[in-house]
Structure formats: C-alpha cells, structure tokens
Amino acid sequence: MGFPRILILVITVSVIIVTEKVECKALESPEYRVVHSESDFEVRFYRDTAWMTAPVDQISFEKATKNGFHRLFQYTEGANLNFSRISMTVPVLTSIVPGAGPLHSSAYFVKLYLPVKFQADPPLPLPELNLQPNWSKSHCIAVRRFSGFARDNNIVKEAEKLAVSLSRSKWANSTSTQSGYAYSIAQYNSPFKFISRVNEVWADVNGSERDGCKSSFLAAY
C-alpha cells in the first residue's frame, strides 16, 4: 500500500516543480500603458491583440474557466491544423457575459493571449475543441488587483469593489458595454501556486489612448 502513495507523491511534486519552472520564465502577455493609477485601481490602454477563445455555457465561473482552459491547453500543445506548439502566456482571461443567476452571468468566454509570433496568423484549432480566434481592438480597461484564488464566492465582490472605486473617480458612468461583457477576471498563476497569487478584475471604460482613456464626457472638462 505504501508504494502507490509514494508514487502519487512523486508525481504531484514533479508537476509542481515543472509548473514553478514554467512560471519562473518570462511569459508573454499583452502590452499596455498605465494612463491613470490610484490606490485601489488603475486604468490601462491596450493595443490591438489576438486571443484564442473558448465559449462555455456554465453557471459556475470556476467550472467554466477549468473547461475552457483545458481546451485552450490542448490547442497550445498541438491540437491545431498546423500541429504547432504554442508557448503559454498570461493571463488566462475569463470574460463574463451579463445575465441573471448567482454570478450575474449567462455565459463565459475563456481566453488565452496569443504570442507575438502568432498574433497576425493564429493556427486554426481542431474543430472538436470549439475554439475561435478573437481580435480585440485597442481599448481602455479599468483594473483592480486581488490576491488568493479567483472563486465563485469572491469574483462578484471584487467586481463590485471596482465598480465602487470607479463611481468615486473621474470614470464614474464611463464603463463601456461595447465588448458585450460585464467584466473579466484575469488569472496570472497556475493552480499549484498557493502564495503571492495575482488576479485582476477588468472592466472596459470609454476613451482612447489619445485622450488618456477619458470618456467624451470627461474630455469636455
């Protein structure tokens, strides 16, 4: 009985070591410029970016993220028409489509940023993965950072905290609905990392890089 337990322990430790080595590498992520910063949030400008997206119909944010990431991981491991291996990037972004329900959602889109090498021409995923490339136009995002694990029981609270912060700032009433998402949760760490975790709530706001991400209302003053 002792041998299987030792084997399971060795496998688990090996997975953790491999994961930590991956995290130690400088993973690609979408470039941005911070245009405004406060103690509890910041506003960033992101340029045009390409993502691979997994649509998921789920009530649970956690289950949706796990389902979507599993399909995206297969894609990066070569489940595409080019059989290309694609480097892991950060963050894993779960966008929430607004609706009724306990998490104010009707569906989710789990996204993985594509490395610069594949931005212009992403390999097509195998049809059975039900993935689709998504080109995000340059836009402004309000961001709130939080630690720990992103769970069903805390993401709405974190999104509400960002909304409160924005309501007290120059960006009150300037959130954008153009993307169709209520908000997004960005996760930067593997599930095997237990301390110093980084997560973010993203909410689109009106504005452009030229006007410092100010909405047209703000720009008039």
Side-chain angles (χ1 to χ4, degrees), residues 22-23 25-35 42-58 61 64-98 105-145 150 155 175-190 198-211 213:
V22 169
E23 287 200 343
K25 295 179 180 178
L27 300 182
E28 281 191 55
S29 61
E31 293 185 0
Y32 63 84
R33 184 173 68 88
V34 177
V35 298
E42 66 184 24
V43 177
R44 303 171 181 168
F45 176 80
Y46 283 85
R47 299 193 180 279
D48 297 359
T49 49
W51 302 68
M52 190 56 64
T53 302
V56 185
D57 289 322
Q58 273 280 358
F61 160 82
T65 301
K66 185 179 294 184
N67 177 292
F69 179 74
H70 177 69
R71 288 147 55 196
L72 290 165
F73 182 73
Q74 292 181 69
Y75 170 75
T76 63
E77 288 296 292
N80 54 73
L81 298 185
N82 294 1
F83 304 105
S84 298
R85 295 290 293 270
I86 300 169
S87 299
M88 186 57 63
T89 61
V90 291
V92 175
L93 189 68
T94 304
S95 295
I96 291 89
V97 179
S105 64
S106 60
Y108 300 88
F109 287 89
V110 184
K111 305 177 182 180
L112 192 65
Y113 170 73
L114 291 167
V116 172
K117 177 181 177 180
F118 297 107
Q119 281 285 306
D121 188 19
L124 293 176
L126 296 182
E128 56 266 31
L129 292 181
N130 187 26
L131 302 177
Q132 55 200 34
N134 173 257
W135 282 269
S136 176
K137 298 292 186 182
S138 60
H139 61 302
C140 301
I141 298 177
V143 177
R144 172 185 170 82
R145 181 169 291 189
I155 60 166
T175 53
S176 171
T177 58
Q178 188 173 359
S179 68
Y181 305 129
Y183 59 94
S184 299
I185 302 295
Q187 300 183 72
Y188 289 84
N189 307 112
S190 83
V198 176
N199 313 287
E200 294 173 340
V201 184
W202 290 9
D204 291 348
V205 293
N206 294 318
S208 65
E209 183 182 31
R210 179 173 50 83
D211 59 23
C213 288

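Not measured: the values here are computed from a predicted model. Heads up: numbering here begins at 1 and tracks the sequence.
The shortest heavy-atom contact between Leu93 and Ser184 is CD1-CB, 3.7 Å. Scanning all heavy atoms of the two residues, the minimum distance from Leu131 to Ala54 falls at CD2-CB, 3.4 Å. Of all non-hydrogen atoms in Met88 and Phe69, the two that sit nearest each other are CE-CZ, 4.0 Å. Scanning both residues, Ala64 and Val110, for their nearest heavy atoms gives O-CG2, 3.5 Å.
No more than 12 heavy atoms of other residues, nucleotides or ligands lie within 6.0 Å of CZ in Arg47, so this atom counts as exposed by the packing criterion.
In this structure, the side-chain hydrogen bond (donor to acceptor under 3.5 Å, both in side chains) partners of Arg44, at least two apart in sequence or on a different chain, are Glu42, Tyr46, Glu200. Among residues two or more places apart in sequence or in another chain, the side-chain hydrogen bond (donor to acceptor under 3.5 Å, both in side chains) test is passed with Ser136 by none. Residues meeting the side chain to side chain contact (heavy atoms under 4.5 Å, CB included) test with Asp48, sequence neighbours left out: Lys137, Ser138. For Val90, the side chain to side chain contact (heavy atoms under 4.5 Å, CB included) partners two or more places apart in sequence, or in a different chain, are Leu27, Ser29, Tyr188.
Here Phe61 contributes atom CZ and Ile185 contributes atom CD1; the two are 5.5 Å apart, rounded to the nearest 0.5 Å. Once rounded to the nearest 0.5 Å, the distance linking CD of Gln132 with CG of Asn134 reads 7.5 Å. Remark: Asp57 CG to Tyr108 OH distance equals 10.5 Å, nearest 0.5 Å.
Listed by first and then second residue, the salt bridge (charged side-chain N to carboxylate O under 4.0 Å, His left out) pairs that reach into residues 107-134 come to none, sequence neighbours excluded. Pairs passing the ring-ring contact (aromatic ring centres under 6.0 Å, His included) check and including a residue from residues 113-134, sequence neighbours excluded, read Trp51-Tyr113.
In this structure, Tyr183 and Trp202 have side chains that are not in contact, with every pair of non-hydrogen atoms separated by 4.5 Å or more. Side-chain contact between Val43 and Val205 is present, with heavy atoms from C-beta onward closer than 4.5 Å. Here the side chains of Thr175 and Asp204 are not in contact, with every heavy-atom distance at 4.5 Å or above.
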Output a table of donor-acceptor pairs, distance under 3.5 Å, between side-chain atoms of residues 71-84 and any protein atom two or more places apart or on a different chain; print 'none' if there are none.
unit_1, atom_1, unit_2, atom_2, d
Arg71, NE, Leu129, O, 2.9
Arg71, NH1, Pro55, O, 3.2
Arg71, NH1, Asn67, OD1, 2.8
Arg71, NH2, Pro55, O, 3.2
Arg71, NH2, Leu129, O, 3.4
Arg71, NH2, Asn130, O, 2.8
Gln74, NE2, His70, NE2, 3.1
Tyr75, OH, Pro123, O, 2.6
Thr76, OG1, Phe73, O, 2.7
Glu77, OE1, Arg85, NH2, 3.1
Asn80, OD1, Asn82, N, 3.1
Asn80, OD1, Phe83, N, 2.8
Asn80, OD1, Ser84, N, 2.8
Asn80, ND2, Tyr75, O, 3.0
Asn80, ND2, Ser84, O, 2.9

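Between the side chain of Glu28 and the backbone N or O of Thr89 there is no donor-acceptor pair closer than 3.5 Å.
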